[in-house]
Amino acid sequence: MSTNITWHEGSVSLTERQQLLNQKGFTLWFTGLSASGKSTLASALEQTLLHSGVNAYRLDGDNIRFGLNKNLGFGPDDRTENIRRISEVAKLFADATVIAITAFISPYRADRDSARALHQASNIPFIEVYADAPLSVVEERDPKGLYKKAKAGEIKEFTGISAPYEEPENAEIHIKTHEGTVEQGVQQILDYLVKNNYLTTEQITK
């Protein structure tokens, strides 16, 4: 725990920054089982937003473990620390008026609630996106062969097989990825963002 430190308030308020850059920052937090479609949706959404001139950045669960979180494993404590760190990073992006798009299994409800509370404390919107697909579907998809390895005992503490996944109870956006296309999922997210005044129709139809 750091001591003898003082928060240094800048000269630009969040509202002023949003007005100057003509964009609101917020975090879209994708959660779901491995192979549920989180990263696919997040990547497609990022591309759509950027091509519309909207500043967005994707933070992917695997990618983050190559750098910032490379010293963390997959036990309960390390999973919690993984989400704590990325929550702070996402909040910084959103505070800079970037749309932070995170794609993490984030299996524990308490960790996702903590991420939400962190954002709310800074008046930054946090939007949970549940990429929902049944275990039978994600096991069949299994693009990385991870479920097969987990069932064979080659991977320990694998979410959905030997470690729990706690489904969101009140996600703002619930996408059943096995019932629609990626394009339909992205459109569902965009519709929500426009309806709730996070984006305007003009911003995403440039």
[atom1] of [X] to [atom2] of [Y]: how many Å apart, nearest 0.5 Å?
X     : Y      : atom1 : atom2 : answer
Leu49 : Leu193 : CG    : CG    : 7.5 Å
Ile99 : Arg58  : CD1   : CZ    : 15.0 Å
Ile83 : Asp78  : CD1   : CG    : 11.5 Å

_Among Thr159, Asp111, Thr31, exactly one meets side chain to side chain donor-acceptor pair (under 3.5 Å) together with Ser106. Which residue is that?_
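For Ser106, the side chain to side chain donor-acceptor pair (under 3.5 Å) test succeeds with only one of Thr159, Asp111, Thr31, which is Thr31.
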Would you mind reporting whether [Y] and [X] have side-chain heavy atoms less than 4.5 Å apart?
X      : Y      : result
Thr48  : Ile204 : no
Val137 : Arg141 : yes
Ser114 : Arg84  : no
Asn196 : Ile127 : no
Ile124 : Leu118 : no

What are the two closest heavy atoms between [X] and [Y], and how far apart are they?
X      : Y      : answer
Ala100 : Ala90  : CB-O, 3.7 Å
Arg65  : Leu72  : NH1-O, 2.9 Å
Ile101 : Ala56  : CD1-CB, 4.1 Å
Val98  : Gln23  : CA-NE2, 4.0 Å
Glu157 : Pro76  : OE2-CD, 3.6 Å
Ala44  : Val186 : CB-CG2, 3.7 Å

Q: Measure from NZ or CZ of Arg112 to the centre of the six-membered ring of Phe126 and say whether it is under 6.0 Å with the direction within 45° of the ring axis.
A: no
Are the side chain of [X] and the backbone N or O of [Y] linked by a donor-acceptor pair below 3.5 Å?
X      : Y      : result
Asp113 : Ala117 : no
Asn69  : Arg85  : no
Lys149 : Lys144 : no
Glu172 : Glu128 : yes
Gln188 : His174 : yes
Thr177 : Ser36  : yes
Lys38  : Leu33  : yes

Applying ring-ring contact (aromatic ring centres under 6.0 Å, His included) to Phe158 and not counting sequence neighbours gives Tyr147
The ring-ring contact (aromatic ring centres under 6.0 Å, His included) partners of Tyr165 (sequence neighbours excluded) come to none
